[in-house]
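Here the structure comes first, spelled out in structure tokens, and everything after it is commentary.
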There are 2 protein chains.
Amino acid sequence: MTLPTILDRCETQGLRLTGPRRVIAQVLEDASDHPDVETIHARAAEQDPSISVATVYRTVKLFEESGILERREFGDGRARYEDAEREHHDHLIDLQTGEVIEFVDPEIEALQEKIAERLGYDLKGHRLELFAVRRK
Amino acid sequence: MTLPTILDRCETQGLRLTGPRRVIAQVLEDASDHPDVETIHARAAEQDPSISVATVYRTVKLFEESGILERREFGDGRARYEDAEREHHDHLIDLQTGEVIEFVDPEIEALQEKIAERLGYDLKGHRLELFAVRRK
DNA sequence: CTAAATGCAAAGCATTTGCCTTGAC
DNA sequence: GTCAAGGCAAATGCTTTGCATTTAG
């Protein structure tokens with residue numbers, strides 16, 4: 001069973017499948033990194049130079065609100081996006097180099113419930129995001 | 001043994017103790033939350049209305065570069081600051097309400113080294129920051 | 001056809017910076 | 001007295017938005 005593509009999920013959500021949206025969806029489908037809007041726009045523009053940055057902003061916001069993408073803030077002032085349906089993982093971010101390392105740690109996963117419980121905090125539908133920040 | 005105040009550390013660092021810096025240092029000393037620049041400025045202005053926002057920005061940046069403060073990005077677009085000398089803790093952030101819960105989990109602390117090792121990533125001088133994000 | 005989506009440019013915010021004045025040491 | 005620090009306003013960088021035009025369904 002293959003996971004549904006971003007485009008599939010756009011259809012499921014009943015989103016209008018415009019030219020720009022198809023291109024942006026494909027760009028994100030192909031991305032193995034965590035592109036920011038400028039990067040997404042650059043890649044989309046390779047397919048269709050008429051796509052504007054404003055549309056990229058509007059589209060990633062729409063996709064995020066539809067649960068298709070997840071927005072990440074890595075501390076460098078711009079938002080980055082990645083497919084929300086990818087298997088869960090955490091991030092190690094080096095603020096000096098901008099390097100982002102993905103990882104999954106079973107013990108950390110197991111700690112999520114425990115921590116929430118200890119704090120009396122309802123984690124339902126939430127996620128723990130782990131950051132290792134190399135400060136200056 | 002009492003911990004050195006922010007002002008103490010400014011002196012240790014050889015920073016010039018100007019009026020605005022004294023006030024901003026005291027504001028941060030008194031803060032039990034994670035104030036952003038606007039908030040810090042509002043509190044500082046109560047003591048001295050002539051302090052400008054630009055100075056608050058310059059001062060928190062200086063303090064951060066001096067290791068006196070730590071900058072936090074909680075995903076709402078503005079930076080927040082807290083005393084770097086406070087005992088280590090992580091944060092649970094609810095992006096919907098802006099609520100920030102501090103906590104320390106010994107198991108998570110113990111996992112830091114392990115994770116870094118597993119990734120071949122040098123954590124020296126770094127820190128794991130934990131976020132639980134309630135998305136929309 | 002009709003409402004939603006796009007492009008473009010202007011507007012918004014948070015933050016930074018240039019420049020001249022003020023003040024700490 | 002000197003050079004760093006501060007105030008003010010302009011500039012910057014990322015993101016959003018108003019409006020006229022295009023387009024998916």
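Protein chains get the first letters and strands the later ones, always in sequence-line order, with residue 1 at the start of each. Keep in mind that this is a model prediction, so the values were computed, not measured.
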Query raised in the report: Taking the side chain as C-beta and beyond, is there a heavy-atom pair between Phe103(B) and His89(B) under 4.5 Å?
Result: no
Report task. Measure the distance from CZ on Phe74(B) to P on dA14(C) and round it to the nearest whole Å. Result -> 17 Å
With the criterion being N/O to N/O and under 3.5 Å, what pairs connect the protein with nucleotides 8-12 of chain D, and how long is each?
unit_1, atom_1, unit_2, atom_2, d
dC8(D), N4, Arg58(B), NH2, 3.2

Report summary line: note: Arg80(A), atom CZ; dC14(D), atom C1'; distance rounded to Å ~ 13 Å
Query raised in the report: What nucleotide, of dT17(C), dG7(C), dC14(D), holds the atom closest to the side chain of Thr55(A)?
Result: dG7(C)
Query - Length of the NZ-P vector between Lys61(A) and dT15(D), whole Å - result: 11 Å
Query raised in the report: Which residue lies toward the 5' end of DNA chain D, Arg78(A) or Arg21(B), if each is placed at its nearest nucleotide?
Result: Arg21(B)
Anything under 3.5 Å between a protein N or O and an N or O of nucleotides 21-24 of chain D, put it in a table, one pair a line.
unit_1, atom_1, unit_2, atom_2, d
dA24(D), N3, Arg16(A), NH1, 3.4

Report task. Start with the C-alpha gap between Glu65(B) and Lys61(B), add the side-chain angles, then the distance that decides, and say whether salt bridge (charged side-chain N to carboxylate O under 4.0 Å, His left out) holds. Result -> CA-CA 6 Å; Glu65(B) 288 167 348; Lys61(B) 181 181 239 183; 5.1 Å; no
Report task. Counting heavy atoms from C-beta on, name the nucleotide in dG6(D), dT16(C), dT17(D) closest to the side chain of Pro20(B). Result -> dG6(D)
Query raised in the report: Hey, mind stepping through Ile51(A) and Val23(A) against side-chain contact (heavy atoms from CB on, under 4.5 Å) and telling me if it holds?
Result: CA-CA 9 Å; Ile51(A) 295 175; Val23(A) 174; 3.8 Å; yes
Query raised in the report: Could Arg43(A) and Asp33(A) be called an ion pair, given the rule that one side-chain N must be under 4.0 Å from one carboxylate O?
Result: yes
Query raised in the report: Does one side chain, of His34(A) or Glu70(A), offer a donor that lies under 3.5 Å from an acceptor on the other?
Result: no
Report task. Nearest whole angstrom, please: distance from the C1' of dA5(C) to the CD1 of Ile24(A). Result -> 11 Å
Query raised in the report: Should Asp83(A) and Arg9(A) count as an ion pair when the cut-off is N to O under 4.0 Å?
Result: yes
Query raised in the report: In whole angstroms, how far is the C1' atom of dG6(D) from the OH atom of Tyr57(B)?
Result: 16 Å
**Report entry** Value in whole Å for how far the P atom of dG12(C) lies from CG of Asp76(B)
**Finding:** 21 Å
Requested in this report: Round to a whole Å and report the spacing from CD of Glu73(A) to C1' of dG13(D).
Outcome: 14 Å
Query - Side chains of Leu15(A) and Ile68(A) in contact at under 4.5 Å (non-hydrogen atoms) - result: yes
Report task. Take Glu38(A) and Arg80(A) through the test salt bridge (charged side-chain N to carboxylate O under 4.0 Å, His left out) and record every step on the way to the result. Result -> CA-CA 10 Å; Glu38(A) 187 187 351; Arg80(A) 294 160 176 280; over 6 Å; no
Query raised in the report: Taking the side chain from Arg21(B) and the backbone from Arg16(B), do they hold a donor-acceptor pair closer than 3.5 Å?
Result: yes
Report summary line: Taken to the nearest whole Å, NE2/His41(B) to P/dA14(C) is 14 Å
